[in-house]
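Treat the numbers as computed from the prediction; the structure is a model and nothing was measured.
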Amino acid sequence: MKQRVISGAVLVVILAVTLYFGGAVTCVFMGLVSLIGNMELLRVYGVNRKLPGIVCYLATIFYYVAIYLQRMDIIIPMMVIYLLIMLAVYVLTFPTYSDKQIMASFMDFFYVSVMLSFVYLIRDMKHGLVLVLLIFVSSWINDTCAYFVGRALGKHKMAPVLSPKKSIEGLIGGIMGSGIFGAVFGILFNLYVEQMNYAPLLFAVVGAVGALPAVIGDLAASAIKRNNDIKDYGKLIPGHGGILDRFDSIIFTAPIIYYLLMYLL
């Protein structure tokens with residue numbers, strides 16, 4: 001437990017520093033986090049050091065360069081080319097790689113790199129240094145509230161085969177907790193950042209809605225591990241596992257928070 005707390009505190013400090021500087025620092029950091037996450041998932045399918053993995057790593061680097069340069073116009077063409085290259089690897093080296101390995105390598109880029117990039121995209125918004133905190137309100141606060149409510153009141157299993165400890169009561173408690181913290185966030189936003197009509201209500205909605213995909217993200221990561229008989233994705237973060245073990249909920253939450261902020265604020 002002590003090791004888990006210490007490594008968790010170190011991770012929070014590193015995140016705080018990189019998010020504080022923003023710009024290239026945040027973009028490079030999230031790019032590195034994505035590459036490590038790529039490697040962890042590709043290792044599950046045995047291609048982390050092989051050609052499909054290398055193609056995924058290169059696509060991730062190219063993608064982060066593109067979003068940093070704000071060349072969003074080339075993102076969709078890049079994704080089409082990425083698919084074509086991955087299929088070319090599949091057919092030109094057949095039968096070296098299975099279809100499962102190729103599809104996993106293709107999905108890895110979207111599941112890890114693209115989804116995590118929304119942390120940087122939110123940080124790059126107006127008041128991004130403050131707004132990016134909503135990702136963690138909706139994911140880590142949700143986890144904490146769901147844990148305590150589930151322990152105290154949990155009677156109905158949410159996913160008994162996949163995650164026996166998760167309950168419907170915990171799910172509701174996590175969503176409500178994130179919504180309450182979001183409302184507090186809105187009050188503080190009005191006081192110290194910018195006066196905004198209905199800020200507590202808006203941020204309560206963002207926090208609560210963002211909490212639901214956090215649960216799906218956690219379960220999705222667990223499902224992949226169950227299907228492949230692994231306990232953790234890695235050992236990078238002592239007591240927590242790998243990048244995907246710690247960022248699994250953020251992967252799903254960050255894009256939802258980004259679009260909620262885009263259309264509600």
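A donor-acceptor contact shorter than 3.5 Å links the side chain of Gln101 to the backbone of Ser98. Between the side chain of Thr93 and the backbone N or O of Thr96, no donor-acceptor pair lies under 3.5 Å. A donor-acceptor pair under 3.5 Å links the side-chain atoms of Arg123 to the main chain of Tyr20, judged by distance alone. Side-chain atoms of Glu169 come within 3.5 Å of backbone N or O of Lys155 as a donor-acceptor pair. The closest donor-acceptor contact from the side chain of Tyr57 to the backbone of Asn48 lies under 3.5 Å. The main-chain N or O of Ile135 is never found under 3.5 Å from a side-chain atom of Ser138 such that the two would form a donor-acceptor pair.
One hydrophobic cluster, built from ILVMFWY side chains closer than 4.5 Å, holds both Phe247 and Ile216. Residues Phe148 and Ile175 do not share a hydrophobic cluster, defined by chaining ILVMFWY side chains whose heavy atoms lie under 4.5 Å apart. Hydrophobic clustering keeps Trp140 apart from Val17 (ILVMFWY residues linked when any side-chain heavy atoms are closer than 4.5 Å, directly or through intermediates). Met158 and Val161 fall into different hydrophobic clusters, defined by Ile, Leu, Val, Met, Phe, Trp and Tyr side-chain heavy atoms under 4.5 Å apart, directly or through other members. Hydrophobic clustering (ILVMFWY, side-chain heavy atoms < 4.5 Å, transitive): Leu133 and Leu264 are in one cluster.
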Q: List the steps, then state whether side-chain contact (heavy atoms from CB on, under 4.5 Å) holds for Ile54 with Arg49.
A: CA-CA 7 Å; Ile54 293 171; Arg49 296 183 180 181; over 6 Å; no

Q. Should Phe136 and Ile250 be marked as a side-chain contact (heavy atoms from CB on, under 4.5 Å) after you check the CA-CA gap, both sets of side-chain angles, and the distance that decides it?
A. CA-CA 7 Å; Phe136 306 100; Ile250 290 174; 3.5 Å; yes

Q: With side-chain contact (heavy atoms from CB on, under 4.5 Å) as the test, would you mind laying out the steps for Val112 and Leu35 before giving the verdict?
A: CA-CA 8 Å; Val112 180; Leu35 286 170; over 6 Å; no

Q: I would like to know whether Ser249 and Val215 meet side-chain contact (heavy atoms from CB on, under 4.5 Å); could you show each step before the answer?
A: CA-CA 6 Å; Ser249 58; Val215 178; over 6 Å; no

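In this structure, the side chains of Phe252 and Tyr111 come closer than 4.5 Å at one or more pairs of heavy atoms. With a 4.5 Å cut-off on side-chain heavy atoms, Met30 and Thr18 do not count as touching. Residues Val132 and Thr26 are not in side-chain contact: their nearest non-hydrogen atoms beyond the backbone lie 4.5 Å or more apart. Contact check for Ile14 versus Phe29: side-chain heavy atoms found under the 4.5 Å cut-off. Contact annotation: the side chain of Lys126 never approaches that of Leu131 to less than 4.5 Å [non-hydrogen atoms, C-beta and beyond]. Residues Tyr263 and Leu260 are not in side-chain contact: their nearest non-hydrogen atoms beyond the backbone lie 4.5 Å or more apart.
When all heavy atoms of Ile141 and Gly177 are compared, the pair lying nearest together is CG2-O, 4.2 Å. Between Ile256 and Gly210 the shortest heavy-atom distance is CG2-CA, 4.5 Å. The shortest heavy-atom contact between Ala211 and Gly174 is CB-O, 4.3 Å. Heavy-atom minimum distance, Gly150 versus Ser167: CA-OG, 3.7 Å. Looking at every heavy atom in both residues, Ala214 comes nearest to Thr253 through CB-OG1, 3.2 Å. The minimum heavy-atom distance linking Pro164 with Pro160 is given by the pair CG-O, 3.3 Å.
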What donor-acceptor contacts under 3.5 angstrom involve side-chain atoms of residues 114-122, with partners at least two apart or in another chain?
unit_1, atom_1, unit_2, atom_2, d
Ser117, OG, Tyr63, OH, 2.8
Ser117, OG, Val114, O, 2.5

Output side-chain donor-acceptor pairs under 3.5 Å for residues 36-45, partner residues at least two apart or in another chain, one line each.
unit_1, atom_1, unit_2, atom_2, d
Asn38, OD1, Thr60, OG1, 2.8
Asn38, OD1, Ser113, OG, 3.2
Asn38, ND2, Ser34, O, 3.4
Asn38, ND2, Asp108, OD1, 3.2
Asn38, ND2, Ser113, OG, 3.2
Glu40, OE1, Ile243, N, 3.1
Glu40, OE1, Leu244, N, 2.9
Glu40, OE2, Ile243, N, 2.8
Arg43, NH2, Tyr233, O, 2.7

Using distance only, find each side-chain donor-acceptor pair of residues 187-206 under 3.5 Å and give its atom names and separation, not counting sequence neighbours.
unit_1, atom_1, unit_2, atom_2, d
Asn190, OD1, Met196, N, 2.7
Asn190, ND2, Met196, O, 3.3
Glu194, OE1, His127, NE2, 2.6

Pairs of donor and acceptor atoms involving the side chains of residues 72-92, under 3.5 Å and at least two apart or interchain, shall be tabulated with distances.
unit_1, atom_1, unit_2, atom_2, d
Asp73, OD1, Arg71, NE, 2.9
Asp73, OD2, Arg71, NH2, 2.8
Tyr82, OH, Ser105, O, 2.8

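Atom-to-atom distance recorded for Tyr64:OH and Leu32:CG is 9.5 Å, nearest 0.5 angstrom. Note that CD1 of Ile251 and OG of Ser139 are 11.0 Å apart. Values are rounded to the nearest 0.5 Å.
The number of heavy-atom neighbours closer than 6.0 Å to CE of Met176, taken from other residues, nucleotides and ligands shown, is 12 or below. The number of heavy atoms from other shown groups lying within 6.0 Å of OH (Tyr68) does not exceed 12. Counting heavy atoms of neighbouring residues, nucleotides and ligands inside a 6.0 Å radius, atom CZ of Phe185 exceeds 12 of them.
The side chain to side chain donor-acceptor pair (under 3.5 Å) test applied to Arg226 returns no partner, not counting sequence neighbours. Take Lys225 and apply the side chain to side chain donor-acceptor pair (under 3.5 Å) test, not counting sequence neighbours, and it matches Asp245.
With Ser178 as the partner, the side chain to side chain contact (heavy atoms under 4.5 Å, CB included) test is satisfied by one option alone out of Asp143, Val209, Asn142: Asn142.
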